[in-house]
K.L.:
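Have a look at the structure that comes next, please.
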Amino acid sequence: WKGVSSFYCDMDDRPELAELVENVRTNKWHELGLQLNLEDNDLVAIRRQCHHNISECRREMFSNWLTNTTDPSRKQILKALKTRAVSEIYMARQYELYIKQLPPTTANIVHVDLNVQKPVSQCTVTNTSGTVPLTNIPKSHTTKKLDVIKDDTQTNRHSNNLRRTQQKTLCSIGAIVGIAFLAIVIGLVFTKFAGKGEKEKDTISERRTTKDGGIIEDDDLPNLLIYSSVISDINAFCTYIHIPVADYSRIKKENPHSSIDQMNAVLHTWLDRDKRTWKEFIIPFALLDKCVKAKELATEYSVYFDKELS
């Protein structure tokens, strides 16, 4: 770039009384005065003189500070506002924005020719005093002005880099959380189906090993009732599964009108007495000439027969 013009109002410049009265309206004027190195006795006298009127006290405090302080500056005001005793951070920021919007003084208008095609010895600095080579300007006169330009550029670059880093970090965290959640869901689904498959596999393996279809569980009672619906002679069925005649007579008396309820009660009585196997349940089907149903059940529950179903 050809050059940079710096038009700014220096923070080290002396503020005007009207500027302070307009922009620094803190009620903590006494604490602010102490931070500006004013004597407490002077501040007490100002309070008494202004009859405790905060606006008047604040104005007199600023007037006293501007009159009795060597080289008062805006930077001192900003620093005092940000102290813990005053804690007017927002007011300090607003005042700083106001300062940056002020028109520059003549002494602060500087144009620096930074043509990259020229050696440093040929670069110039221009203000109201004229144009002189950059190498001829005393360091004390140029360092602060050039540092302002340099600091602003570095600050903007740092802010942009920080913003990009934060965005990348947030994206990475979001991606990690999403992947972790997906992995958990997949794991739960896999565990459910794998567990179900293993359970079924173990059950079938156990039935094939025992050759009797395994133990009938309480949850199988609805299936028993459906299978036994093909049996019309409940009395003979009770004989084959060794239900005493007295028990069957009691069941008939309790359920006189429903054969389904009778069969349900018979199966309950049969299962309650001892652990029963599917083979014990299937054999009466063959004995009652229901061999087709018996073979279906035997195939479904892996029950092994020698000659019972032949």
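Owing to the predicted nature of the structure, the values given are computational and were not obtained by experimental measurement.
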K.L.:
Group every Ile, Leu, Val, Met, Phe, Trp and Tyr by side-chain heavy-atom contacts under 4.5 Å, then state whether I89 and M91 land in the same group.
P.N.:
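Each belongs to a different hydrophobic cluster.
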K.L.:
Restricting to non-hydrogen atoms, name the atom on R14 and the atom on T67 that form the minimum distance, rounded to 0.1 Å.
P.N.:
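Heavy atoms of R14 and T67 come nearest at NH2-N, 4.5 Å.
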K.L.:
Strictly by salt bridge (charged side-chain N to carboxylate O under 4.0 Å, His left out), give each pair with a member in residues 37-46 just once, sequence neighbours left out.
P.N.:
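Checked against salt bridge (charged side-chain N to carboxylate O under 4.0 Å, His left out) - neighbours excluded - no pair reaches residues 37-46.
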K.L.:
Hey, quick one: are V44 and V86 part of the same hydrophobic cluster, counting side-chain heavy atoms closer than 4.5 Å, chains of contacts allowed?
P.N.:
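No: no chain of side-chain contacts under 4.5 Å links V44 to V86.
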K.L.:
Who are the side-chain contact (heavy atoms from CB on, under 4.5 Å) partners of N160, not counting sequence neighbours?
P.N.:
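Scan of N160 (side-chain contact (heavy atoms from CB on, under 4.5 Å), adjacent residues dropped) gives R163, R164.
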K.L.:
Output, in order, the C-alpha distance, side-chain angles, deciding distance and verdict of side-chain contact (heavy atoms from CB on, under 4.5 Å) for R58 and S55.
P.N.:
CA-CA 5 Å; R58 187 169 56 237; S55 298; 3.9 Å; yes
K.L.:
Transitive ILVMFWY cluster of V177 at side-chain heavy atoms under 4.5 Å: who else is in it?
P.N.:
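Joined to V177, directly or through intermediates: I173.
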K.L.:
E19: what forms a salt bridge (Lys or Arg N to Asp or Glu O under 4.0 Å) with it, not counting sequence neighbours?
P.N.:
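Here the qualifying residues are R74.
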K.L.:
Tell me, which pairs form a salt bridge (charged side-chain N to carboxylate O under 4.0 Å, His left out) where one or both residues lie in residues 20-35, sequence neighbours left out?
P.N.:
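Listed by first then second residue: E22-R25.
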K.L.:
Of all the heavy-atom pairs spanning C50 and C57, show the shortest one and how long it is.
P.N.:
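Here C50 and C57 meet closest at CB-SG, 3.6 Å.
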K.L.:
Under the rule for salt bridge (Lys or Arg N to Asp or Glu O under 4.0 Å), what residues qualify as partners of R250, not counting sequence neighbours?
P.N.:
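Result, salt bridge (Lys or Arg N to Asp or Glu O under 4.0 Å) vs R250: E254.
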K.L.:
If you measure from CG on N264 to CG on N255, what distance do you get to the nearest 0.5 Å?
P.N.:
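Rounded to the nearest 0.5 Å, the CG-CG separation comes out at 8.5 Å.
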K.L.:
With sequence neighbours left out, write down each residue that passes side-chain contact (heavy atoms from CB on, under 4.5 Å) with E96, or none if nothing qualifies.
P.N.:
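Scan of E96 (side-chain contact (heavy atoms from CB on, under 4.5 Å), adjacent residues dropped) gives M11, L78, K82, K100.
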K.L.:
Find out if a path of hydrophobic residues (ILVMFWY) with successive side-chain heavy-atom gaps under 4.5 Å connects L267 to I260.
P.N.:
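Same cluster.
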K.L.:
Measure the spacing between CD of E88 and CG of L32 and express it to the nearest 0.5 Å.
P.N.:
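Output value for this atom pair is 8.5 Å.
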K.L.:
The criterion is side-chain contact (heavy atoms from CB on, under 4.5 Å); which residues satisfy it with S259, sequence neighbours excluded?
P.N.:
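With neighbours one apart ignored, the set is I234.
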K.L.:
Could you check whether atom CD of E16 has more than 12 heavy atoms from other residues, nucleotides or ligands sitting under 6.0 Å from it?
P.N.:
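No, because the 6.0 Å sphere around CD of E16 holds 12 heavy atoms or fewer from other groups.
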K.L.:
To the nearest 0.5 Å, what is the distance between OG1 on T26 and OH on Y95?
P.N.:
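T26 atom OG1 to Y95 atom OH measures 14.0 Å (nearest 0.5 Å).
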K.L.:
Please name all residues satisfying salt bridge (Lys or Arg N to Asp or Glu O under 4.0 Å) with K252, sequence neighbours left out, ordered by chain then number.
P.N.:
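Counting only residues at least two positions away or on another chain, K252 forms no salt bridge (Lys or Arg N to Asp or Glu O under 4.0 Å).
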K.L.:
Apart from L188 itself, which Ile, Leu, Val, Met, Phe, Trp or Tyr residues share its cluster (side-chain heavy atoms under 4.5 Å, direct or through members)?
P.N.:
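Members besides L188, by chain and number: I184.
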K.L.:
Applying side-chain contact (heavy atoms from CB on, under 4.5 Å), run through W29 and R59 and close with a yes or a no.
P.N.:
CA-CA 9 Å; W29 66 270; R59 180 185 180 87; over 6 Å; no
K.L.:
Does P72 reach the side chain of F62, with side-chain heavy atoms less than 4.5 Å apart?
P.N.:
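Answer no - side chains too far apart.
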K.L.:
Any sub-3.5 Å donor-acceptor pair from T239's side-chain atoms to N235's backbone N or O?
P.N.:
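Such a contact is found between T239 side chain and N235 backbone.
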K.L.:
For L66, does its backbone N or O pair with a side-chain atom of T69 as donor and acceptor, under 3.5 Å?
P.N.:
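No; zero donor-acceptor contacts below 3.5 Å.
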K.L.:
Could you pull out all residues at least two apart from N68 that satisfy side-chain contact (heavy atoms from CB on, under 4.5 Å)?
P.N.:
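N64.
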K.L.:
To check you understand the geometry: which heavy-atom pair defines the closest contact between S73 and W65, and what is its length?
P.N.:
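Here S73 and W65 meet closest at O-CH2, 3.5 Å.
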K.L.:
Is any side-chain heavy atom of L43 closer than 4.5 Å to a side-chain heavy atom of L34?
P.N.:
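Touching, per the 4.5 Å side-chain cut-off.
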K.L.:
Taking only residues two or more places apart in sequence, or in another chain, which ones meet R93 in a salt bridge (Lys or Arg N to Asp or Glu O under 4.0 Å)?
P.N.:
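Partners of R93 under the salt bridge (Lys or Arg N to Asp or Glu O under 4.0 Å) test: none.
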